[in-house]
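Worksheet: the structure to be examined is printed underneath.
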Amino acid sequence: MNNIDSNRQVNPLTSEEFTGLKIKPPKEVAAGAEAVKSALHHIAKESGIFRGNRILLNLNQKKGFDCPGCAWPDPKVRSAVAEYCENGAKAVAEETTLERVDPAFFKKYSVGELSQKSDYWLGKSGRITHPMVLKTNSQHYEPIAWEEAFAMIAQELNDLSSPDEAVFYTSGRTSNEAAFMYQLFVRQFGTNNLPDCSNMCHESSGAALSETLGIGKGSVTLEDFNHSQVILVIGQNPGTNHPRMLSALQEAKQKGAKIIHVNPLPETGLQAFKNPQKISGWIGKADALSDIFLQVRINGDMALLKGLLKLMANQEAVNKGSVFDREFIDQYTEGFEEFWADIQSVDLEQCIRESGIDPTQLEEAAQLLCNNDRIIVCWAMGLTQHPNSVAMIKQVVNLLLAKGSIGKQGAGTCPVRGHSNVQGDRTMGIWEKPPQDLLDQLEKHFGFKPPSAHGYDTVDAIKAMYEGKGKVFFAMGGNFLSATPDTVYTAQALQNCHLTVQVSTKLNRSHLVTGKQALILPCMGRTELDVQQSGKQFVTVENSMGVVHQSRGRIKPASPHLLSEPAIIARLAQATFEQSKVDWQAMMHDYDVVRDHIEATIEGFEQYNERVRQLNGFNLPNVARERKFIQGKAYFTVHPIPKNTLANDEFIMMTIRSHDQFNTTIYGLDDRYRGIYNERRVVLMNQEDMKEMGLVSKQQVNLKGNYEGEQRVAPAFLVVPFDIPKRCIATYFPEANVLVPINSVAKKSNTPTSKYVVVSIEKSI
Ligand SMILES: Nc1nc2c(c(=O)[nH]1)N[C@H]1C(S)=C(S)[C@@H](COP(=O)(O)OP(=O)(O)OC[C@H]3O[C@@H](n4cnc5c(=O)[nH]c(N)nc54)[C@H](O)[C@@H]3O)O[C@H]1N2
Ligand SMILES: Nc1nc2c(c(=O)[nH]1)N[C@H]1C(S)=C(S)[C@@H](COP(=O)(O)OP(=O)(O)OC[C@H]3O[C@@H](n4cnc5c(=O)[nH]c(N)nc54)[C@H](O)[C@@H]3O)O[C@H]1N2
Ligand code: SF4
Ligand SMILES: [Mo]
């Protein structure tokens with residue numbers, strides 16, 4: 001089964017060499033002048049001072065390009081000079097770097113040599129300039145003409161015994177236009193094997209929300225923050241990952257909202273904030289953001305939420321309707337009785353024990369929730385990447401339903417999305433489980449029958465390739481090898497393929513750990529001017545709150561040999577299909593044509609071309625926001641508190657992001673807010689745990705996984721004493737992905753449990 005090219009000797013893991021750890025006290029305040037300094041440093045270093053600053057002037061402006069960073073929405077009123085954050089600037093710097101990875105670079109380094117470098121080094125080497133091929137048994141990539149590359153992929157695809165032997169991955173930076181064309185190509189080819197980064201990200205939110213509220217997206221708008229009374233931020237680190245959310249929280253607070261922060265770590269951004277876009281943020285005092293910080297144990301959220309609900313239900317029982325919104329519950333929901341009975345049976349002592357929360361703090365938070373009914377709950381990966389994530393998010397929905405906090409101004413669900421267009425990609429049909437509606441519309445409009453059998457998601461795709469059932473792997477962006485769990489297993493899966501293809505901007509480890517043959521197809525990024533036969537093009541994206549708007553690249557592409565993502569898909573389709581009912585050429589020449597097809601096949605895009613040309617774009621319909629629940633009802637559900645029992649030497653590990661990375665792209669080696677500098681191979685530990693184990697600060701340890709008797713080891717991590725609950729530890733993603741077992745997934749969403757990995761720690765020297 002394994003046809004690995006044994007002589008390539010590639011290393012699937014990033015370098016284990018230490019880079020020089022320095023530890024300082026964590027920062028007490030996020031952003032402020034220091035964030036501006038850091039942003040300017042990155043842009044000047046990568047993109048040149050003047051060029052870089054000119055580029056930044058277009059970032060998130062109404063006629064500029066959408067930030068390639070996260071999916072946090074833009075406000076309606078934009079700052080004329082700086083409508084972005086430190087990490088947006090870093091993302092732009094990364095894309096607009098002046099460094100280049102050209103054919104001479106690949107001639108100099110074999111893939112084996114490159115794979116010995118760190119992820120940081122690989123990313124910093126620059127933008128890829130030419131399509132490149134790695135031939136069977138070859139050690140070096142070499143240039144290939146675009147036509148030849150497309151012919152090679154087409155041949156491999158057409159030689160498969162079934163279209164289901166091909167896997168088509170998407171990362172969430174892909175525009176609506178490219179995503180729509182991509183899923184159309186894949187379905188015309190005959191499969192629904194469309195795994196995407198969402199499977200590792202907010203899939204649990206999608207599953208929980210669609211089963212309870214009838215829509216897999218959040219219900220709030222940015223405006224709702226200004227009308228909210230209580231905002232819960234659970235399992236999210238916005239100071240690093242959605243920095244402009246801090247401005248929204250600050251404004252909400254100024255208008256009277258209270259903020260409850262639930263996290264195993266006292267994340268700096270949620271403690272205090274200085275808005276760098278305001279003068280007061282440079283010279284004034286910092287605004288404290290959280291009113292209550294609940295330092296929950298990893299995966300203690302179910303116990304915490306049930307404890308809160310129990311305390312609320314106790315008051316409700318004394319005076320019916322004083323805490324819960326009975327009118328809303330009667331009119332719009334089902335399942336309240338079972339929910340009520342379940343909450344009655346909650347053992348408060350157990351909740352306190354399992355969550356690790358102090359009873360007075362629990363009371364205080366419960367009181368806020370009792371007294372207010374305009375409640376927003378925001379969450380991200382701290383809730384979605386656990387074995388019981390779907391249940392956990394449904395419990396969040398229970399809280400909001402009980403309070404009538406859905407479909408009301410200042411209230412609702414706010415799953416904060418990661419990649420800038422991950423939500424749009426799903427709306428466009430990047431989904432291994434396509435809804436029948438979409439398939440019917442595609443059939444009606446394009447005149448071919450799309451496959452209806454569900455395809456592979458990310459985890460199933462890895463297993464299929466490992467078992468030899470997936471033979472061609474095609475990635476529209478991303479870094480599949482390093483982003484997915486169980487790196488050594490996934491490496492084997494990719495190496496089992498006949499052909500792996502990466503459409504990319506920058507070099508990463510997925511270009512080095514490949515199938516027998518591999519292709520790199522270099523594409524333009526968000527910031528770049530895209531000119532096709534009909535003239536200058538723009539693309540569209542959907543942010544975390546369902547607003548669809550334009551993004552217009554402005555700068556000269558990094559190389560004249562780059563193609564846009566839509567052009568790559570159209571030309572691949574032309575090479576693959578001898579005859580096609582779909583006019584691929586017309587879409588490539590003019591993206592308005594793509595948008596017309598989207599309008600014809602996907603709900604909510606009426607007059608797409610016209611409406612998206614309005615300055616602020618438009619909102620997609622949202623049944624939860626409008627209280628137009630499917631069959632008129634939203635659903636309460638019942639969920640147990642998980643049993644998180646650990647053996648004497650075991651810890652629960654969460655794998656998180658540092659302040660200097662965007663997923664697998666490493667911007668730098670610091671995690672400024674947490675006070676960790678110049679090192680990524682660190683493990684954050686409670687000081688009492690360290691003492692019990694006889695460990696000291698900066699001691700070198702190995703981390704060992706023992707999932708269902710399978711051994712996994714991540715060697716060489718340095719201990720950092722940190723304010724984290726006992727028996728909980730944190731490491732960075734992707735260094736620790738090797739420990740995330742392929743079979744450890746969330747029930748229903750099949751999301752790898754990247755925040756819940758049971759490991760033991762052993763001294764290595
Ligand atoms: N600069 C930057 N921005 C990014 C990204 C990036 O890498 N860099 N990535 C983008 C993407 S794709 C995504 S999905 C988002 C991710 O955004 P986040 O979800 O904020 O990212 P993580 O670092 O994974 O952090 C998860 C947070 O959850 C907490 N947590 C972990 N386990 C638990 C738990 O059991 N309970 C609770 N309550 N909290 C827990 C962690 O301490 C941490 O604060 O950010 C997006 N934006
Ligand atoms: N252990 C652990 N694992 C995780 C997570 C975690 O918290 N812990 N988080 C998960 C999450 S939330 C996510 S979303 C995934 C992320 O998984 P991915 O989306 O697969 O990974 P990224 O690191 O975002 O991808 C970066 C690469 O995208 C390419 N790229 C950048 N811009 C463009 C572009 O405009 N077009 C194209 N075609 N390519 C581009 C570059 O080559 C770059 O190297 O990782 C998941 N993995
Ligand atoms: S908050 Fe997100 S989208 Fe906004 S500028 Fe920062 S990284 Fe970009
Ligand atoms: Mo994500």
Side-chain angles (χ1 to χ4, degrees), residues 31 35 39 56 59-60 66-75 82-92 94 171-173 196-203 205 232-248 261-270 277 294-302 304-305 355 378-386 388-389 392 415-420 422 478 483 526 541 543-544 642 644 652-667 671 673-674 684 722 724-725 728 730 732-734 751 753-756:
L56 284 183
L59 174 53
N60 289 333
D66 180 57
C67 177
C70 75
W72 186 255
D74 301 312
E83 199 49 71
Y84 55 85
C85 71
E86 172 189 353
N87 278 323
K90 287 183 191 165
V92 169
E94 192 71 21
S171 165
R173 216 169 254 189
D196 73 339
C197 67
S198 206
N199 300 145
M200 298 178 270
C201 186
H202 267 292
E203 199 66 60
S205 310
L232 268 109
V233 183
I234 315 186
Q236 194 199 347
N237 178 19
T240 285
N241 298 312
H242 307 92
R244 283 194 309 159
M245 178 172 162
L246 299 186
S247 320
H261 172 207
V262 183
N263 202 308
L265 302 180
E267 302 287 23
T268 303
L270 283 161
Q277 281 150 5
L294 302 176
Q295 190 163 20
V296 71
R297 292 176 49 74
I298 296 176
N299 198 238
D301 305 87
M302 183 65 89
L304 166 57
L305 226 68
S355 65
C378 305
W379 71 90
M381 299 304 101
L383 282 201
T384 64
Q385 299 174 333
H386 291 278
N388 63 328
S389 283
M392 184 51 223
V416 186
R417 302 276 160 179
H419 266 297
S420 56
V422 62
R526 280 280 171 81
V541 289
N543 65 33
S544 205
N644 294 326
I652 309 179
M653 177 180 80
M654 55 179 178
T655 55
I656 55 175
R657 290 154 173 80
S658 81
H659 193 63
D660 260 0
Q661 71 183 89
F662 191 90
N663 300 338
T664 68
T665 299
I666 311 302
Y667 299 142
D671 195 359
Y673 292 161
R674 300 195 185 107
L684 280 55
F722 211 83
I724 183 171
C728 297
Y732 296 132
F733 141 60
T751 296
T753 61
S754 304
K755 299 288 187 274
Y756 191 93

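Nothing fancy with the numbering, it's 1 onward along the sequence. Quick note: numbers below take in every heavy atom, side chains included, and nothing from hydrogens, waters or symmetry partners. One-based numbering, in listed order, for ligands and for the atoms of each.
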request  = Under 4.0 Å, heavy atoms only, figure out whether ligand 1 is touched by the backbone of N663, its side chain, both or neither.
outcome  = both

request  = State, without any angle test, whether S544 and W72 hold a side-chain donor-acceptor pair at a distance under 3.5 Å.
outcome  = no

ask   = Taking only heavy atoms of N60, which atoms of ligand 3 are found under 4.0 Å from at least one of them?
value = 5 (S)

request  = Indicate yes or no: does an N/O atom of G418 lie under 3.5 Å from an N/O atom of ligand 1?
outcome  = no

query = Is it the side chain (CB and beyond), the backbone, both or neither of Q236 that lies under 4.0 Å from ligand 1, heavy atoms counted?
reply = both

key: Test item, G69 contacting ligand 1 (heavy atom, 4.0 angstrom)   = no

request  = List every atom of ligand 1 that sits less than 4.0 Å from any heavy atom of I234, numbering the atoms from 1 in the order shown and giving each element.
outcome  = 38 (N)

message = What I want to know is whether I298 and ligand 1 share at least one N or O pair that is separated by under 3.5 angstrom.
response = no

ask   = Could an N or O of ligand 1 be found under 3.5 Å from any N or O of Y667, whether backbone or side chain?
value = no

message = Polar contacts were defined as any N/O atom of the residue lying under 3.5 Å from an N/O atom of the ligand; does this apply to R674 and ligand 1?
response = no

ask   = Do you see a donor-acceptor pair shorter than 3.5 Å between the side chains of S420 and R526?
value = yes

Protein N, O or S atoms lying under 2.8 Å from atom 6 (Fe) of ligand 3, listed by chain and number = C85 SG

request  = Using a 4.0 Å heavy-atom threshold (strictly under), name the region of R417 that reaches ligand 1: side chain, backbone, both or neither.
outcome  = neither

note = So for N237 against ligand 1, with non-hydrogen atoms under 4.0 Å, the contacting part is both

key: Options G239, P264, S544, S754, ranked by nearest heavy atom to atom 40 (C) of ligand 1, top entry   = P264

Charged tip of R657 within 45° of F662 ring normal and under 6.0 Å = no

task = Check whether any N or O atom of H659, backbone or side chain, sits under 3.5 Å from an N or O atom of ligand 1, and answer yes or no.
result = no

inquiry  = Which of the numbered atoms in ligand 1 are under 4.0 angstrom from any heavy atom belonging to M654?
reply    = 30 (N), 31 (C), 32 (N), 41 (C), 42 (O)

ask   = Without hydrogens or angle criteria, can the side chains of E267 and H261 be said to hold a donor-acceptor pair below 3.5 Å?
value = no

task = Classify the contact between C201 and ligand 1 as side chain, backbone, both or neither, using a heavy-atom distance cut-off of under 4.0 Å.
result = side chain

Heavy-atom nearest neighbour of atom 39 (N) of ligand 1 within options S355, G235, C70 = G235

inquiry  = Could you walk me through whether K90 and E86 satisfy the salt bridge (charged side-chain N to carboxylate O under 4.0 Å, His left out) test, starting with their C-alpha distance in whole Å, then the side-chain angles of each, then the deciding distance to 0.1 Å, before giving a yes or no?
reply    = CA-CA 6 Å; K90 287 183 191 165; E86 172 189 353; 3.2 Å; yes

query = Considering only heavy atoms of L265, which atoms of ligand 1 have at least one such atom less than 4.0 Å away?
reply = 42 (O)

ask   = So is there a nitrogen or oxygen of H419 less than 3.5 Å from a nitrogen or oxygen in ligand 1?
value = no

inquiry  = Is the ring pair H659/Y673 parallel, tilted or perpendicular, if the boundaries are 30 and 60 degrees?
reply    = tilted

inquiry  = Regarding Y732 and D671, do their side chains bring together a donor and an acceptor under 3.5 Å, going by distance alone?
reply    = yes

key: Nearest option to atom 44 (O) of ligand 1, as decided by whichever heavy atom of H202, M245, M200, E267 sits closest   = E267

request  = Measure V416 to ligand 1 on non-hydrogen atoms and call it side chain, backbone, both or neither using the 4.0 Å cut-off.
outcome  = neither

Ligand 1 to Q385 polar contact by distance, N or O atoms, under 3.5 Å = no

